[in-house]
Amino acid sequence: MPELPEVERLRLSLLPHLLGARVERVAIYREDVCECVHGGEVVPTNAFALLEGAGIESLHRLGKHLAIASAGGPAIEVHLGMSGQVLVHEGPLPEPSEAKATHTHLAWTLRSGGATRTMIFRDPRRFGGVWGFASFDQLRERRWGGLGPDALEVTGEHLFEQTRGSARSIKAALLDQSLLAGVGNIYADESLFAVGVSPRRLCKRVSREQCERLAQAIRVILAAAIASGGSTLRDYVDADGKQGASQFAHKVYGRSGEACAACGGVLRTATIAQRTTVWCPTCQK
DNA sequence: AGGATAGCCTGCGGGC
DNA sequence: TGCCCGCAGGCTATCC
């Protein structure tokens, strides 16, 4: 379940394969995981909008969203959703039958120096997708305009200003990508545990000082997760197929019924903000 | 208008 | 052993 740290790890692992590479060909196996936009209009899915013929200049990330941009030309956004993966390998483009069997929806032939590689986007559950734009500016405006600041750089002041007086739970707010971009179910629970705030607590009952500590916990926990390779319970791998390791560092996520690392009490679980939530009723108020 | 809810989709694991 | 059902989850559309 990719969140910000997994997407950043993916970005870093893609850099050596993509920077300076030219896209020779794009194979589209499933059009309906793509959306292409040109001149503000949604246009039929096409290889050029998905970088065919372009030279790749930069990779960007905002929250859980990854962008691959050419110099002054097209740019694509990849969103991994629940089960999306981007992988680079040495082999040729997959045959349609193989693509179907592996839920591979798109593939790019990359030419870099003398080497030819294949990048694929696969996503069994298809909650993710790929968006093509005529420029990175258009991508940013159209796809990223509604997102809050990147969670790696969120401030307590921003959290407080955006949540003060709100009647929803702090957990719901942390999951709201328009408030801050990149926190999902795992790191929402981990961050709340780190600062001793119950996921059920209403935003209007979260103080400025608590927002300050929460913002710092979010930044520190996400940075640590990036440093340790991104978390994964099942689906996540980077561009080279390597799994992350930071699931071992989760203090509450996936540990319902286990002992709290801080007080030894039993971690409990409930559905909060439509998400399975785990917290320590003793440590988190 | 803010906040809650349904639905999308497949794979996996528990229970029988 | 094999089948069925429930759950996992980010995001959008829709409802209240």
Side-chain angles (χ1 to χ4, degrees), chain A residues 1-8 10 29-35 37 42 61-67 77-86 98-106 120-131 139 142-148 150-151 159 161-192 199-206 218 222 225 230-237 243-244 247 250 252-257 268-279:
Chain A
M1 22 221 72
E3 297 188 22
L4 185 153
E6 293 74 43
V7 179
E8 178 62 9
L10 174 62
Y29 303 98
R30 269 198 84 115
E31 290 193 12
D32 62 359
V33 303
C34 308
E35 183 176 279
V37 174
V42 176
R61 181 193 57 74
L62 178 58
K64 307 168 192 172
H65 303 256
L66 175 70
E77 181 194 322
V78 177
H79 195 275
L80 299 176
M82 271 297 298
S83 58
Q85 298 177 342
V86 177
E98 183 197 346
K100 187 170 183 182
T102 56
H103 301 285
T104 297
H105 310 312
L106 290 169
I120 65 159
F121 171 71
R122 61 181 296 261
D123 182 15
R125 273 168 272 183
R126 301 209 302 276
F127 276 27
V130 175
W131 288 259
L139 184 159
R142 186 100 174 194
R143 292 281 307 168
W144 293 2
L147 297 174
D150 190 77
L159 269 193
E161 289 303 326
Q162 294 296 308
T163 58
R164 63 190 300 177
S166 164
R168 64 177 168 171
S169 66
I170 186 67
K171 164 119 183 190
L174 293 182
L175 294 174
D176 182 346
Q177 301 298 298
S178 70
L179 204 153
L180 78 165
V183 172
N185 201 36
I186 298 173
Y187 294 105
D189 283 6
E190 294 298 317
S191 306
L192 287 166
R200 282 215 166 103
R201 179 170 283 266
L202 299 185
C203 288
K204 60 185 174 187
R205 304 268 177 256
V206 179
I218 290 168
L222 291 177
S231 80
T232 174
L233 293 182
R234 266 205 295 278
D235 296 324
Y236 171 76
V237 291
Q243 293 195 344
Q247 71 268 32
H250 293 154
V252 288
Y253 181 82
R255 294 186 180 274
S256 175
R268 72 163 292 198
T269 185
T271 299
I272 300 170
Q274 290 74 243
R275 290 288 174 267
T276 298
T277 303
V278 187
W279 78 102

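Naming convention: chains lettered A, B, ... in sequence-line order (proteins, then strands); numbering from 1 in each chain.
- The phosphate of C:dC11 has OP1 or OP2 within less than 4.0 Å of a side-chain N or O from A:His65.
- Note on A:Ala167: only backbone sugar-phosphate atoms sit closer than 4.0 angstrom, heavy atoms only; bases stay farther off.
- Using a 4.5 Å heavy-atom threshold, the side chains of A:Ile218 and A:Leu180 count as touching.
- Contact annotation: A:His103 side-chain N/O to B:dG11 OP1/OP2 distance is under 4.0 Å.
- Rounded to whole Å, atom C1' of C:dC11 lies 12 Å from atom CE of A:Met82.
- When the side-chain nitrogen and oxygen atoms of A:Ser83 are compared with OP1 and OP2 of B:dG11, none of them lie within a distance under 4.0 Å.
- Regarding A:Gln274, its CD atom lies at a distance of 15 Å from the C1' atom of C:dA8, rounded to whole Å.
- Residue A:Pro124 has its side chain nearest to B:dG11 when only B:dC9, C:dG10, B:dG11 are considered.
- In this entry the distance linking CG of A:Leu202 with C1' of B:dG3 reads 12 Å, nearest Å.
- Closest contact between the side chain of A:Thr276 and the listed nucleotides C:dC11, B:dG11, C:dG9 involves C:dG9.
- The CG-C1' distance, from A:Asp176 to C:dG9, rounds to 16 Å in whole Å.
- For the OP1/OP2 pair of C:dG9 and a distance below 4.0 Å, the side-chain nitrogens and oxygens of A:Arg125 include no atom meeting the criterion.
- Between C:dC11, C:dG9, C:dG10, one nucleotide has an atom nearer to the side chain of A:Gln177 than all others, and that is C:dC11.
- Using a 4.0 Å cut-off, no side-chain N or O of A:Arg275 falls inside it from OP1 or OP2 of C:dG9.
- The only member of A:Lys171, A:Glu190, A:Gln274 that meets side chain to side chain donor-acceptor pair (under 3.5 Å) when paired with A:Asn185 is A:Lys171.
- Between A:Arg61 and A:Leu4 the shortest side-chain heavy-atom distance falls below 4.5 Å.
- The interatomic distance linking A:His79 (NE2) with C:dG9 (P) rounds to 15 Å, in whole Å.
- When distances run from any side-chain atom of A:Phe127 to the nucleotides B:dA4, C:dG9, C:dC11, the shortest one goes to C:dG9.
- The nearest whole Å value for the distance from the CG atom in A:Leu174 to the P atom in B:dG3 is 14 Å.
- Close to C:dG10, at under 4.0 Å from its OP1 or OP2, lies no side-chain N or O of A:Tyr187.
- Remark: C1' of B:dA4 and NZ of A:Lys171 are 16 Å apart, rounded to the nearest angstrom.
- For the pair A:Arg200 (side chain) and A:Ile272 (backbone), a donor-acceptor distance under 3.5 Å is absent.
- We find that A:Arg275 and A:Asp189 are not joined by a salt bridge, their nearest charged nitrogen and carboxylate oxygen being 4.0 Å or further apart.
- Going from atom CG of A:Asp32 over to atom P of B:dT10 covers 10 Å, rounded to whole Å.
- Comparing A:Arg168 and A:Arg126 by the nucleotide of DNA chain B whose heavy atom lies nearest to each, the residue mapping closer to the 5' end is A:Arg168.
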